[in-house]
Protein chains: 2
Amino acid sequence: MQQVQKDPVQAIAMRVKIEREARGWSLAELAERSGVSKAMISKIERCEASPTATVLGRLSGAFGLPLSVLLALAERVQERIAPHAEQPVWTDPETGYTRRAISPPNSMLELIDVSLPPGVRVPYPAAAFAFQHQQIWVLSGRLDFQEGAALHHLSEGDCLLLGPPVDCVFFNPGKIPTRYVVALTRR
Amino acid sequence: MQQVQKDPVQAIAMRVKIEREARGWSLAELAERSGVSKAMISKIERCEASPTATVLGRLSGAFGLPLSVLLALAERVQERIAPHAEQPVWTDPETGYTRRAISPPNSMLELIDVSLPPGVRVPYPAAAFAFQHQQIWVLSGRLDFQEGAALHHLSEGDCLLLGPPVDCVFFNPGKIPTRYVVALTRR
DNA sequence: GTCAATCGTCTTTTATAGTGGACGCCAAAA
DNA sequence: TTTTGGCGTCCACTATAAAAGACGATTGAC
């Protein structure tokens, strides 16, 4: 699904908005970080302007991405299938904690497949979720989930709806790896 | 050497010019193919304008490249070391003819390392070089080089300076692979 | 309820991206 | 030599990208 000649304005619009909202930034905040006026960012996100290379460079700089990567992400905007082989996976070399992004890029609803080795503890700071709605579903093994002051003991098949943002900790109290899904929707 | 926030105008300028000249296109020809005025293309190549996303989309379309790829190439513009592992290599599955681009992208002077299996014949049409200056240096083995009507027999260490563009043929008359270098400068 | 703060959009003005055409500059040919 | 044609740049004009600030809507605090 390579796009070789369509006007990139719409794809860029969606991608910029996604990157901004994923960071929980308002137009004003992105404007300050990038040096691009918020009026212009607003227009870009609504496809009412075709940003210049200079402006795109400032925006990608604010996101900490090379411009070509921002554009590559933009071109993937309308993909609907995320083949297993192409899903980004990250493994913590120290603990063996593995995290796989299941959903196609850009989805409103994001699914993450996590594998937590026995005895491993993963903190999850409150600041990391500017999300509106988040659930945790245990596929196999056991999970102790600390949500602020509360501690939840989850077993295979359990599903937990998260409350307002607080510091959390994932912990696997069992002898086998725990596999669970994090499902979240943005704003 | 990822570029995360510099203004991309200069890198784009160089890359557009390279892509255009590599295809032997004049400003007018690229203008017609892309729908961008040649005055604008001229400005872009001389860093006197920051092209909009729409214009970049049209240009990359004319080149047959996804926009993100054009930008990725642009970001590599000032690389000065081309590590062996990153040099693009192409092998003809039928003949075993192998061609490796030695020089960093974008150089004025380009070096190509070619390996030609015994008995293999590779034609090289005149249209393929809009280059001003081109030399062939045999590293090992023997090479029969037909340049238009003339036939040159080259042995290890020989270096041939090419004349004006004509149809050429590379041929390995020996029993072992021939390895030679093509060195060329544009314009 | 009021007030204040913040958000995204809209308005006005300026800077500049983009176009079409004229121009000067080599080449190669007559 | 002059001519011719193709090339890239420059010029004048138009379209629009970009900035700065005003505006209405929403939200939370009191």
Side-chain angles (χ1 to χ4, degrees), chain A residues 7-62 67 70-71 74 130-132 164-165 186-187, chain B residues 5 7-62 67 70-71 74 126-127 130-133 163-166 186-187:
Chain A
D7 188 69
V9 167
Q10 186 180 352
I12 291 171
M14 297 171 89
R15 183 38 64 174
V16 167
K17 186 162 191 167
I18 287 166
E19 294 296 328
R20 179 174 66 84
E21 293 185 342
R23 288 166 175 76
W25 294 349
S26 66
L27 286 180
E29 185 159 4
L30 176 55
E32 189 175 349
R33 287 171 180 266
S34 63
V36 178
S37 71
K38 63 175 185 170
M40 196 59 221
I41 299 170
S42 174
K43 280 188 187 173
I44 292 169
E45 289 186 354
R46 284 175 295 128
C47 296
E48 294 195 358
S50 180
T52 60
T54 302
V55 163
L56 287 175
R58 294 205 202 121
L59 291 176
S60 63
L67 179 50
L70 187 71
L71 272 291
F131 308 118
Q132 206 176 41
R186 307 186 192 280
R187 140 144 0 210
Chain B
Q5 50 186 5
D7 188 68
V9 167
Q10 187 180 352
I12 290 171
M14 298 170 91
R15 183 37 63 175
V16 168
K17 185 163 191 167
I18 286 167
E19 294 296 329
R20 179 175 65 84
E21 293 184 343
R23 289 166 174 75
W25 294 349
S26 66
L27 287 180
E29 185 158 4
L30 176 55
E32 190 174 349
R33 288 171 179 265
S34 64
V36 179
S37 71
K38 65 175 184 171
M40 196 59 218
I41 299 171
S42 174
K43 282 186 187 173
I44 291 169
E45 289 186 354
R46 285 175 294 129
C47 297
E48 294 195 357
S50 180
T52 58
T54 302
V55 163
L56 286 175
R58 294 206 201 121
L59 291 176
S60 64
L67 181 50
L70 187 72
L71 272 291
F131 308 119
Q132 205 177 40
H133 193 96
V166 289
R186 308 185 193 281
R187 146 143 350 215

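The chains referred to below are lettered A, B, ... by the order of the sequence lines, with proteins before strands, and numbering in each begins at 1.
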Discussion item. Rounding to an integer number of Å, can you tell me how far B:E32 CD sits from D:dC7 P?
Written reply: 11 Å
Worksheet item: Taking CG from A:L27 and C1' from C:dC10, how many angstroms apart are they, rounded to a whole number?
Response: 13 Å
Item to complete: Answer yes or no: does a side-chain N or O of A:S26 lie under 4.0 Å from OP1 or OP2 of C:dC7?
Response: yes
Worksheet, complete the sentence: A:L30 CG to C:dT6 C1', in whole Å, measures 16 Å
Practice prompt. Enumerate the residue pairs fulfilling salt bridge (Lys or Arg N to Asp or Glu O under 4.0 Å) with a member in residues 46-55 of chain A, sequence neighbours excluded, ordered by first and then second residue.
Written response: A:R46-A:E48
Fill in: Spacing between A:R46 atom CZ and D:dA17 atom P, to the nearest angstrom
13 Å
Worksheet item: Could you state the CD-C1' distance from A:E29 to C:dG8, rounded to the nearest angstrom?
Response: 15 Å
Discussion item. Test your reading of the model: is there a side-chain donor-acceptor pair from B:S50 to the backbone of A:T54, 3.5 Å cut-off?
Written reply: yes
Practice prompt. Search all heavy atoms of A:W25 against all heavy atoms of A:R20 and return the closest pair with its distance.
Written response: O-NH1, 2.9 Å
Worksheet, complete the sentence: Closest heavy-atom pair, A:M40 versus A:A49, reported as atoms and distance to 0.1 Å, is CE-CB, 3.1 Å
Item to complete: For A:G24 and A:E29, work out which heavy atoms get closest and say how close.
Response: O-OE1, 4.5 Å
Worksheet entry | Euclidean distance, atom CZ of residue A:R20 to atom C1' of C:dG8 [Å, nearest integer] | 8 Å
Item to complete: Calculate the interatomic distance between A:I41 atom CD1 and D:dA17 atom P; express it in whole Å.
Response: 15 Å
For nucleotides 15-21 of chain C, which of its nitrogen or oxygen atoms have a protein nitrogen or oxygen under 3.5 Å away, and what is each distance?
unit_1, atom_1, unit_2, atom_2, d
C:dG18, OP1, B:T52, N, 3.0
C:dG18, OP1, B:T52, OG1, 2.3
C:dT19, OP2, B:S37, N, 2.9
C:dT19, OP2, B:S37, OG, 3.0

Response to the item:
Residues B:E45 and B:A13: closest non-hydrogen pair is O-CB, 3.6 Å
